[in-house]
Amino acid sequence: MGRGRWRSVGSALWRSVAVWLVSTLTMLALAGILPDFQLQSDDGDSATRIAVTAALGAGAFGLLSSLVWPLLVRALLLVPALVLGLLAFFLNGSLLLLALGLIPDGRGEANAETAVVVAAVMSAVASATGGALAVRDDDAYRRRLYRLADRRRRRRSEGRVGPVPPGTVFIQLDGVGHDVLRTAVDKGLMPTVAGWLGQGREPSHRLTPWRTDWSSQTGASQLGILHGSNHDVPAFRWYEKDTGEVMVSNRPASAAELQRRAIERTGDAGLLALDGASRGNLFSGGAGQVALVLSMAARRGKENRSRAGYFAYFSDPANAVRTALSFVAEVGREMGESTRARIRKRRPRVSRGGLYPFIRAFATVVERDVVVAAVIGDMLAGRSAVYADLVAYDEVAHHSGPCGSDVDKVLQRLDRSLALITKVAEHAPRAYRIVVLSDHGQSPGETFRARYGLTLGDLVRAGCGLPVPRKAQHTHSGAEARSTVRAALRRPVEEGAGEHRPARRAEPVVLASGNLGLVSFPDVPRRMTREEIDLRHPALLPTLANHPGIGFLLVRSKERGPVVLGARGGEVYLDEGDAEDAEPDGLGPLADFGPGAADAVRRTDGFPHVADIMVNSWYDPQDGEVLAFEEQIGSHGGLGGAQAQPFLLSPLVLSAPLDDGQELVGAEQVHEVLRRWLGEHLGAEIPLVGEVAAAVDDSRHGGPEGTAFAVADPAAQDKTH
């Protein structure tokens, strides 16, 4: 035992010395390259003296980085997360200047700009050297990982008796459809997933497709998956007549309200109520540990640490520097890709200028790195259940399309993240089952505006006899990453005052959710019937239904209930069996959208806040294309093609999601499967909320101790991982 301890101490000491030596050599090299960085007196020094000066400077910088940097980050907890990421360079440079000032006789000198460069390079080299040395020795690597969470693990294990059941990590690859995943595996882009599915070895996982609800977007899917109910979520954004406001799934206030409604409807805190963690999601899932969760960003105050994951990640200067450099590289990559697309006149194409390169870099670099680091921390801390969302693919596919070289690079990097999580699982204090899933897919196609020169709003105004602008306006994209960026910057996540609360109640409110459109008349306090719409605007429904870019409409007849209208197949009354009997293909206007379309549309018709007119775009079943009502060439939100076909990738040690021959339909059914899997090894430990009424009341007022929602234990914002 004593010999092993001395071996461990010796190994750690050797790695520290090696990192110091490499840092010293790096400092010497930089002093020779950079004219404004010197390690000698003005009169010159011997090579030995310069080497000693570099060793002193490298040692001082290393100690300051280890001791002072975490204190600086903690002192800056009120600074927006992305601002802290940019400050990382300057803080690191300041530490280097301080370290140079500690060298005797003032031999170390650099101007501020040079200090920033030197500090960044030295932090990156030191981190790479230390990591490489640790990884070479499995025992050392294991000890290094354990030390990251040792204090937490000891605290959490107090009083625990007997074997520890396995935990479960759910990784959501936002927007990656079932076919996209299969294609990526076949092309060799995702070797980790390929290995799980049995390429070159025995399979360890099974791949199961599932079908979304009509609203094929993250708000509806993730709410159903995490909270067991997505009732009354008709789209990504919709107008509610009783409040006069527009609900937007990725607006923090809306996300908080949707979560409250789901808890009230189910009486259940959520999938993660038992010792769970929610990372990078729209909703908490009832987790006691949350970070980067938009429903938590609705509350302000010192108790709310919804961005704590950013600070935990940036507390390591090497993390901050590496991510910042990758961020800059990703911005450059996007600018290069968009420039090539314009030069080659690639079609379809949408604007990728303005702030988009920075939003893409945030989604594909910052958000990915921070969320993966948080998941690793949760695993090392031994939490029972973790659910994390990686939005990288979804963001890029909206602007570059669901397939192609742009998204191929993103899929490769996501696979590397899965490989890292798998590696860490080998060193976690409990066994982990890694489940990967998606919330929806994406369907390709040009925008409605690009094809016809007008927006859905323009078409509705024409059908109502209202003036139409001469130039079609851009429709704001609803990509999730944009709101995540704004939350990280502590900026209000709003879509604009006009959309949040429509100004003119006499005019129709027209909203877009991918290729799903919603039309509401705010001056009528209830849902308008087909008969009322025809009486008020006799040309509106024929204008929409017969337009070549529209697949079908849903309205409600006063006498005959929900009716689907379209140029193909006429009209189908869903409550009268017409959906099964219509000619020529048995589904009327829904024929091209698959056998589950009628059920999905019928379910949405029963929502209290369904729009007066629900509009689904045209869909070409031959090539899978739709027409987005937003500025996206890869879209989701309605029916048609791959957007409604996500996947569930689960370990074989878990029971099959469904019996053979059955189909997994709807996010609520996915929730039931995931909850069953959690219970297979934890048994009765998976609880419902003990006092439903108290939980709902707490959720309205932010939950206990300032958290957003009541859970089994008081929610604590995670400030370490």
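The chain is numbered in sequence order, starting from 1. All heavy atoms count here, side chains included; hydrogens, waters and symmetry mates do not.
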> Between E630 and R237, is the closest basic N to carboxylate O distance under 4.0 Å?
Replying inline: yes
> So, E631 side chain and S351 main chain: donor-acceptor pair closer than 3.5 Å or not?
Replying inline: no
>> If I take atom CG from residue L437 and atom OH from residue Y387, how far apart are they, to the nearest 0.5 angstrom?
In response: 4.0 Å
>> Main chain of S284, side chain of Q259: is a donor-acceptor contact present, judged purely on distance under 3.5 Å?
In response: yes
> Is any side-chain heavy atom of L544 closer than 4.5 Å to a side-chain heavy atom of L456?
Replying inline: yes
>> Measuring from atom CG of D439 to atom CG of L223, what distance do you get when rounded to the nearest 0.5 angstrom?
In response: 12.0 Å
> Where do V185 and Q199 land on the side-chain contact (heavy atoms from CB on, under 4.5 Å) test, with the steps shown first?
Replying inline: CA-CA 9 Å; V185 168; Q199 286 194 5; 3.3 Å; yes
> Knowing that exactly one of V371, V366, V365 qualifies, which makes a side-chain contact (heavy atoms from CB on, under 4.5 Å) with D369?
Replying inline: V365
>> Can a side-chain donor-acceptor contact be found between N515 and H636 if the only test is distance below 3.5 angstrom?
In response: no
>> Taking the side chain as everything from C-beta on, heavy atoms only, tell me whether F647 gets closer than 4.5 Å to L649.
In response: yes
> Looking only at heavy atoms, what is the nearest atom pair of A256 and S295, with distance?
Replying inline: CB-O, 3.7 Å
> Ion pair present between R451 and E446, side-chain N to carboxylate O less than 4.0 angstrom?
Replying inline: yes
> Quick one: are N281 and L294 in side-chain contact, heavy atoms under 4.5 Å?
Replying inline: no
> Are any of the side-chain nitrogens in R279 or E367 under 4.0 Å away from the carboxylate oxygens of its partner?
Replying inline: no
> For the atom pair OG (S216) and CG (L516), what is the distance rounded to the nearest 0.5 Å?
Replying inline: 8.0 Å
> Could you state the interatomic distance from CG (L181) to OG (S438), rounded to the nearest 0.5 Å?
Replying inline: 8.0 Å
> For the side chain of D415 and the backbone of T192, is there at least one donor-acceptor N/O pair under 3.5 Å apart?
Replying inline: yes
> For D389, which residues count as a side chain to side chain donor-acceptor pair (under 3.5 Å) partner, sequence neighbours excluded?
Replying inline: Q172
> Would F593 and W618 count as a close aromatic pair, with their ring centres under 6.0 Å?
Replying inline: no
> Salt-bridged, D406 to R352, with N to O below 4.0 Å?
Replying inline: yes
> For M247, does its backbone N or O pair with a side-chain atom of S254 as donor and acceptor, under 3.5 Å?
Replying inline: no
> What's the verdict on side-chain contact (heavy atoms from CB on, under 4.5 Å) for H398 and Q442, showing C-alpha distance, side-chain angles and the deciding distance?
Replying inline: CA-CA 8 Å; H398 278 313; Q442 288 214 17; 3.7 Å; yes
>> Show, in sequence, the C-alpha distance, side-chain angles and deciding distance for L411 and V176, and conclude whether the side-chain contact (heavy atoms from CB on, under 4.5 Å) test is met.
In response: CA-CA 9 Å; L411 292 169; V176 179; 4.1 Å; yes
> Does the pair T183 and D186 meet the rule for a side-chain contact (heavy atoms from CB on, under 4.5 Å), with working shown?
Replying inline: CA-CA 5 Å; T183 301; D186 293 340; 5.6 Å; no
>> Could you work out, with salt bridge (charged side-chain N to carboxylate O under 4.0 Å, His left out) as the rule, every residue matching D408, not counting sequence neighbours?
In response: K187
> Roughly how far, to the nearest 0.5 Å, is the CG atom of N250 from the CZ atom of F236?
Replying inline: 3.5 Å
> Is the side chain of D620 donor-acceptor paired with the backbone N or O of Q622 at a distance under 3.5 Å, no angle test?
Replying inline: yes
>> To check you understand the geometry: which heavy-atom pair defines the closest contact between A597 and L639, and what is its length?
In response: CB-CD1, 3.9 Å
>> Is there a side-chain contact between T218 and L282 in this structure, where contact means two heavy atoms from C-beta onward sitting under 4.5 Å apart?
In response: yes
> Can you say whether the rings of H547 and F448 are parallel (under 30°), tilted (30 to 60°) or perpendicular (over 60°)?
Replying inline: tilted
>> Any side-chain to backbone donor/acceptor pair from S278 onto F283? Under 3.5 Å, distance only.
In response: yes
>> Quick one about Q643 and H440 (side-chain donor to acceptor, distance below 3.5 Å, no hydrogens or angles considered), yes or no?
In response: no
> Out of curiosity, S249 OG to Q217 CD, how far, rounded to the nearest 0.5 Å?
Replying inline: 4.0 Å
>> Looking at R413 and E330, is there a salt bridge between them, counting it only when a charged N and a carboxylate O are closer than 4.0 Å?
In response: yes
> Does G224 offer a backbone N or O that forms a donor-acceptor pair with the side chain of N230 under 3.5 Å?
Replying inline: no
> Does the side chain of Y393 come within less than 4.5 Å of V180's, by heavy atoms?
Replying inline: yes
>> Tell me if a side-chain donor or acceptor on S338 pairs with a main-chain N or O of M335 at a distance below 3.5 Å.
In response: yes
> Is the closest side-chain heavy-atom distance between P402 and P444 below 4.5 Å?
Replying inline: yes
> Is the backbone of G441 close enough, under 3.5 Å, to the side chain of Q645 for a donor and an acceptor to pair up by distance?
Replying inline: no
> Just by distance, do the side chain of R368 and the backbone of T364 share a donor-acceptor pair under 3.5 Å?
Replying inline: yes
